[in-house]
Each structure stands twice: as C-alpha cells, then as structure tokens.
Amino acid sequence: MKLTTAGESHGKGLFAILEGIPAGLRLDPGAIDAALARRQSGYGRGARQKLEQDRAEILSGVRDLVTLGSPIALAVWNRDYENWKDCMAPEGCDRSLRRLTRVRPGHADLAGMQKFGTDDARNILERASARETAARVAAGEVCRALLGELGISVTGYVRSVGRVCDEESYSFREIASSRRPLLGMMKEEKEREAAARIEEAKREGDTLGGVAELRVWGLKSGFGSCMTYGEKLDARIAAALLSVQAVKGVEVGLGFALASAKGSEAHDEIFAEKGSYVRRTNRAGGIEGGMSNGEELVLRAAMKPIPTLMKGLSTVDTQSGKPALAAAERSDVCAVTACETVLESVLCYVLAEAVTERLGGDTVRQLKERYERL
Ligand code: EPS
C-alpha cells in the first residue's frame, strides 16, 4: 500500500492518494466525514475549526461507493482558501502578503526556512501545519473500513491533557462505548478538570499537550516480522505515530515503565488452555519480536503543546535579525482530542498495509478468506 498526501493549510485543499486497497470494499462517506468532524472537535480548538466543515470528496478509485482496486483519490477542500487566495493561489498571487519571519520555536518555521532556502516561513508552515492530517484521516478511514471487513477494530481515548491524567485501565469495549464528547477522555470529572486547565492556558496565552492511548482488537498473530528490522510492526507503528504533527513520544504496552520493572514483572507468561496459548497479562501491548501475538495492541502517543502561543515565545525576526516575540495570529490552545483521532486513522493505515502485504488479495473477498484461514 502507499499513501501520499498533498495540500497546504490555506491552499485549495488537502488531498490523499491511497494505493493498494483491494476491489470490492464498500465505503460509507458518512463514516469518513464523522471522523473528519471528530478531528475538528475537542475543547480548546481554535477559530479555524469554526470556519471549516471538513468533508471528503471521493475523486477516483470508487464506483457506486465500492472500491475498484485502483488508486483512491480524496479531497478535503479548504473553505478558508477564499480568504487566502491573494497570497496562496498557485496560479499567481502576492507573496509579500502574510509573510512570517518571527519564527516560532517548536514549529517547522526556522529549520524549514534554512533547509528550503526561503526568507518567508509561510512557504514552510503551510505544509507543516497539522491541517495536513485531514487528508490522512480521510485515507485512514478507508483503511478502517477494510480492517472492519476482517473483524479488526481500532479505538482510543485521551488519557491526559497537560498534567490532568486518568491513571485507570479500561477495556477495549469500555473505550469504544464510553469516551466522553468534550475531550475524548473517559471520565467526566477528568474532562471538567482538563477543560478548566485549557481555559487557564487560554487566559495566559499558552498551550497544552497530552497523551492519547490507542487499542486494536481482532488483529491475529503474525503481522509484522522479526526477520528484518524494517518489517517490525512496533517500529512501523511508532514511525507512523511519530509522523503525526506534534507527537514526540510513543509507547508500546507498558513502554517506558518496563525499563524499571523486573523481568518477572515485565513479561506476559504463557499458559495452555483448551488447546490454545493464553496470556493473563498484556504488558507487551500485543507485540513480541516485532510481530503481533494475537493480544490487543496497546499504544500511547505523547503530543507536545502546540508551538503557536498567543503570548509569543522569545525568538529572532529573521528579516531584521533582532529579538522578537514569535508570530501568533490564531491558535489552538489544545488539540489532543484531534490528535487522538488522527493517530487512530494513521494506525488504521499501518495495519491495513501490514495485512495486505502479508495476505495480498485483489479483492476484499480473497483477503477475507485468507485472514479467516489464519
Ligand atoms: C489546523 C488548522 C490550522 C491550525 C492547526 C491545525 O488553522 P490556522 O493555521 O488557519 O489557524 O489550527 O495548525 C497547527 C496547529 C499548526 O501548528 O500549524 C487543522 O485543521 O488541524
């Protein structure tokens, strides 16, 4: 499988081309749009989300809502483009407008300007913006539909916002059915506390990050491989999750906590029960030796606070060379809820890729038969 995205945050739109989805998969545009809406949601999102109402337009690879086996092209159009075409139109525009030179620490601005040889961070930030993830969600939801045919489900929740953390463990079913609407956390009181912290950060012109936990149910054993490092499922998942804007850390299973546990507290002992192997714990998070072991996948990703702070961090204006406060027009105070949705979609893509790579199949029916035979 292959996924390419294109598009700038204030350009005409965000686009995805997804190759390798077998023929015969029925798509539900409503489900794709619901995920796009969830990507825009969450207490603490900025003004841009009031402007946009993201929807995916399917441009190719699908006929009468069923995939053809050809590349699937998806578009999420930017409403805001109308307000930006004077400085963004590919056909010609005024590049002296909306220049950004008070580069934001933590954003791609400065490193990107130096790398791509430009004196305007606009050329960099338009692509580096997390708005790109709208395209990845649209494509990821196609992958989710494919996984659904095999009985594989992906869910997740927001475990922490800033220092407000929910330490409890939840089952897949609990997460899938009782995630709260405000922030995607599991407990109302935690959401209230987190919302208060977001309000506080907003008043201070600051931003907050957090942690999302993801789960996968129904993935059989043997996906990924111990034979070459590039095929290791945990490595591929970690790379994909880290590719989501602002994600700085990934844990598989107990993750960092395993480093301080004894071996006897760290591994999942194996028992024989009714002719099959069972575990009574899942500290490995469903992956051993780079392969799925048939247990639920348990993953966590840490998102840093968004680097556009309304109060502005100390920086240098690259035009004057003088000290300045970093640029800020509008920003999200907290986008962890959106990030959680994006992470789910990205995970769906990696899993669909691992499944189709191992089992092949020109049609969904073939793929399903092969998966069932495992
Ligand atoms: C985003 C849209 C952007 C930001 C955010 C992600 O809107 P605008 O820049 O027009 O206000 O809200 O982008 C960033 C966090 C970033 O660092 O660039 C979206 O739709 O997700």
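Every number for a ligand or one of its atoms is a count from 1 in the order of the listing. For this chain, numbers begin at 1 and follow the sequence in order.
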**Asked** Passes side-chain contact (heavy atoms from CB on, under 4.5 Å), Ile287 versus Leu297? Steps please.
**Response** CA-CA 7 Å; Ile287 302 180; Leu297 298 197; 3.7 Å; yes

**Prompt:** Looking at Phe223, does the NZ or CZ of Arg358 lie under 6.0 angstrom from its six-membered ring centre and within 45 degrees of the ring axis?
**Reply:** yes

**Message:** Would you say that Arg48 contacts His10 through its side chain, given a criterion of any heavy-atom pair below 4.5 Å between the two side chains?
**Reply:** yes

**Prompt:** So is there a nitrogen or oxygen of Arg48 less than 3.5 Å from a nitrogen or oxygen in ligand 1?
**Reply:** yes

**Message:** With a heavy-atom distance limit of 4.0 Å, tell me whether Arg131 approaches ligand 1 through its side chain, its backbone, both, or neither.
**Reply:** both

**Request:** Around atom 4 (C) of ligand 1, find the nearest protein heavy atom and jot down its residue, atom name and distance.
**Result:** Asp332 OD2, 3.6 Å

**Request:** Please check if the side chain of Ser292 supplies one atom and the backbone of Gly222 the other of a donor-acceptor pair under 3.5 Å.
**Result:** yes

**Prompt:** Which one holds for Arg45 and ligand 1: side chain close, backbone close, both close, or neither close, with close meaning a heavy atom under 4.0 Å?
**Reply:** side chain

**For ligand 1, the portion of Glu329 having any non-hydrogen atom under 4.0 Å away** = neither

**Request:** Answer yes or no for Arg39: is there a heavy-atom contact with ligand 1 below 4.0 Å?
**Result:** yes

**Prompt:** Looking at ligand 1, does any of its N/O atoms fall within less than 3.5 Å of an N/O of His10?
**Reply:** yes

**Asked** Would you call Arg179 and Thr155 a side-chain contact if the rule is heavy atoms closer than 4.5 Å?
**Response** yes

**Prompt:** Of the backbone atoms (N, CA, C, O) and the side-chain heavy atoms from C-beta on, which set of Gln49 has a member under 4.0 Å from an atom of ligand 1: side chain, backbone, both, or neither?
**Reply:** side chain

**Prompt:** Are any of the side-chain nitrogens in Asp166 or Lys190 under 4.0 Å away from the carboxylate oxygens of its partner?
**Reply:** no

**Request:** State whether Arg215 and Glu213 are salt-bridged, where the test is any N-O pair (Lys NZ or Arg NE/NH1/NH2 against Asp/Glu carboxylate O) under 4.0 Å.
**Result:** yes

**Asked** Which of these passes salt bridge (Lys or Arg N to Asp or Glu O under 4.0 Å) with Lys12: Glu91, Glu82, Glu57?
**Response** Glu91

**Message:** Applying a heavy-atom cut-off of 4.0 Å, say which part of Gln245 lies close to ligand 1: side chain, backbone, both or neither.
**Reply:** neither

**Asked** Which residue owns the protein heavy atom closest to atom 13 (O) of ligand 1, what's the atom, and how far is it?
**Response** Ser129 OG, 3.4 Å

**Message:** So for ligand 1, is Arg330 a polar contact partner (N or O within less than 3.5 Å, distance only)?
**Reply:** yes

**Item:** Enumerated ligand 1 atoms positioned under 4.0 Å from heavy atoms of His107
**Value:** 16 (C), 17 (O), 18 (O)

